[in-house]
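For clarity, every value in this text was computed on a predicted model and none was experimentally measured. Note that these values count all heavy atoms, side chains included, but never hydrogens, waters or copies made by symmetry.
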Amino acid sequence: MSAVGASAPYLHHPGDGYAGRLSFLGAQLPPQVAAMPRLLADLDRGTFRKLLKLVVSSLQGEDCREAVQRLGAAADLPEERLGALLAGTHTLLQQALRLPAASLKPDAFKDQLQELCVPQDLVTDLASVVFGSQRRLLNSAAGQRGAWLPRVAGLRWRVDVAISTSALARSLQPSVLMQLQLSDGSAYRFEVSAAKFQELRYSVALVLKEMADLEKKCELKLQD
């Protein structure tokens, strides 16, 4: 049984305060995280710290299956509840770590977890992972495991001017010949008219501006 399905009996529905603000967890609270408050209600801090350590090791790419079994036996946790706790903690950390460090402040992170009724001492432990010395290692591990699309590694271009064509004795129409070299070794060459090149330039500039505006807007809401 999946951790999400196993956590169904423990689902907790947060108050309206969560829905009224932008959260690092997204517009819709993940069910794995929604299940955590009741799952954590009678869990001692020592056991949670061991569980948190396993989740961090998993995010770094380590195989923790045997360690999870040992923790479940030592803490006398049912398999379904342990799976739901691991899934919720993993999702919570993953969502927090995907944001740039400057976009999510420690106080905002703690406030949002407290709104979800996560115990205060456990909030402190979670914040120590997201904002502590392990952040750089976790970001590096995520970058190595992630499936990324090829990036633009190089760009070559030139301007050609057609002096004449089969239809016109005197044309003098410029065109831009471009070649994109991608990080996976592939290359793409295409030719556009001056007018189409201006459309391309404008569209790229517009997308970059909208991305910057959206990032600024999200950063301001997360800091509120």
Within this structure, what is the [atom1]-[atom2] distance for the pair [X] and [Y], rounded to the nearest 0.5 Å?
X      : Y      : atom1 : atom2 : answer
Gln32  : Gln94  : CD    : CD    : 9.5 Å
Leu200 : Gln198 : CG    : CD    : 9.5 Å
Asp76  : Leu82  : CG    : CG    : 11.5 Å
Gln112 : Leu29  : CD    : CG    : 10.5 Å

(message) Is it true that Ser128 and Asp125 share a donor-acceptor pair across their side chains at a distance under 3.5 Å?
(response) no
(request) Taking only Lys NZ, Arg NE, NH1 and NH2, and the carboxylate oxygens of Asp or Glu, determine whether Asp63 and Arg65 approach each other closer than 4.0 Å. (result)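 Result for this pair is yes, salt bridge flagged.
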(request) I would like to know whether Leu59 and His90 meet side chain to side chain contact (heavy atoms under 4.5 Å, CB included); could you show each step before the answer? (result) CA-CA 8 Å; Leu59 289 170; His90 186 278; 3.4 Å; yes
Side-chain donor/acceptor of [X] to backbone N/O of [Y], under 3.5 Å:
X     : Y     : result
Thr47 : Leu43 : no
Gln69 : Ala73 : no
Thr89 : Leu85 : yes

Between [X] and [Y], which heavy-atom pair has the shortest distance, and what is it?
X      : Y      : result
Leu40  : Val118 : CD1-CG1, 4.1 Å
Ala96  : Phe109 : CB-CE1, 3.9 Å
Leu39  : Ala84  : CD1-CB, 3.7 Å
Phe131 : Leu104 : CE2-O, 3.1 Å
Cys64  : Ser58  : SG-N, 3.8 Å
Ser175 : Glu191 : OG-OE2, 2.7 Å

(request) May I ask you to test the Ser203-Leu206 pair for a side-chain heavy-atom distance under 4.5 Å? (result) no
(request) Could you tell me whether the side chain of Phe48 reaches within less than 4.5 Å of the side chain of Leu52, counting heavy atoms only? (result) yes
(request) Please list, chain by chain and in numerical order, all residues satisfying side chain to side chain donor-acceptor pair (under 3.5 Å) with Asp42, sequence neighbours excluded. (result)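 Asp42 satisfies side chain to side chain donor-acceptor pair (under 3.5 Å) with Arg81 only.
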(request) Go through Leu92 and Leu113 one step at a time and tell me if the side chain to side chain contact (heavy atoms under 4.5 Å, CB included) criterion holds. (result) CA-CA 10 Å; Leu92 191 152; Leu113 291 188; 3.5 Å; yes
(request) Please lay out, stage by stage, how Leu116 and Met36 fare under the test side chain to side chain contact (heavy atoms under 4.5 Å, CB included). (result) CA-CA 9 Å; Leu116 297 176; Met36 289 185 66; over 6 Å; no
(request) Determine, stepwise, if the pair Met178 / Phe197 fulfils side chain to side chain contact (heavy atoms under 4.5 Å, CB included). (result) CA-CA 10 Å; Met178 306 179 70; Phe197 177 78; 4.1 Å; yes
(message) Is there a path of hydrophobic side-chain contacts, each under 4.5 Å between heavy atoms, that joins Leu177 and Tyr188?
(response) no
(request) Say whether Trp157 and Val161 are linked into one hydrophobic cluster, either directly or through other cluster members, by side-chain heavy-atom distances under 4.5 angstrom. (result) no
(message) Check this for me: Arg156, atom CZ, are more than 12 non-hydrogen atoms of other residues, nucleotides or ligands nearer than 6.0 Å?
(response)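 No, not enclosed.
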(message) Consider side chain to side chain contact (heavy atoms under 4.5 Å, CB included). Of Asp213, Val207, Leu214, which one does Met211 pass it with?
(response)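 The single option meeting the side chain to side chain contact (heavy atoms under 4.5 Å, CB included) with Met211 is Val207.
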(message) Between Asp121 and Thr124, does the side-chain hydrogen bond (donor to acceptor under 3.5 Å, both in side chains) criterion hold? Intermediate values first, please.
(response) CA-CA 5 Å; Asp121 53 348; Thr124 302; over 6 Å; no
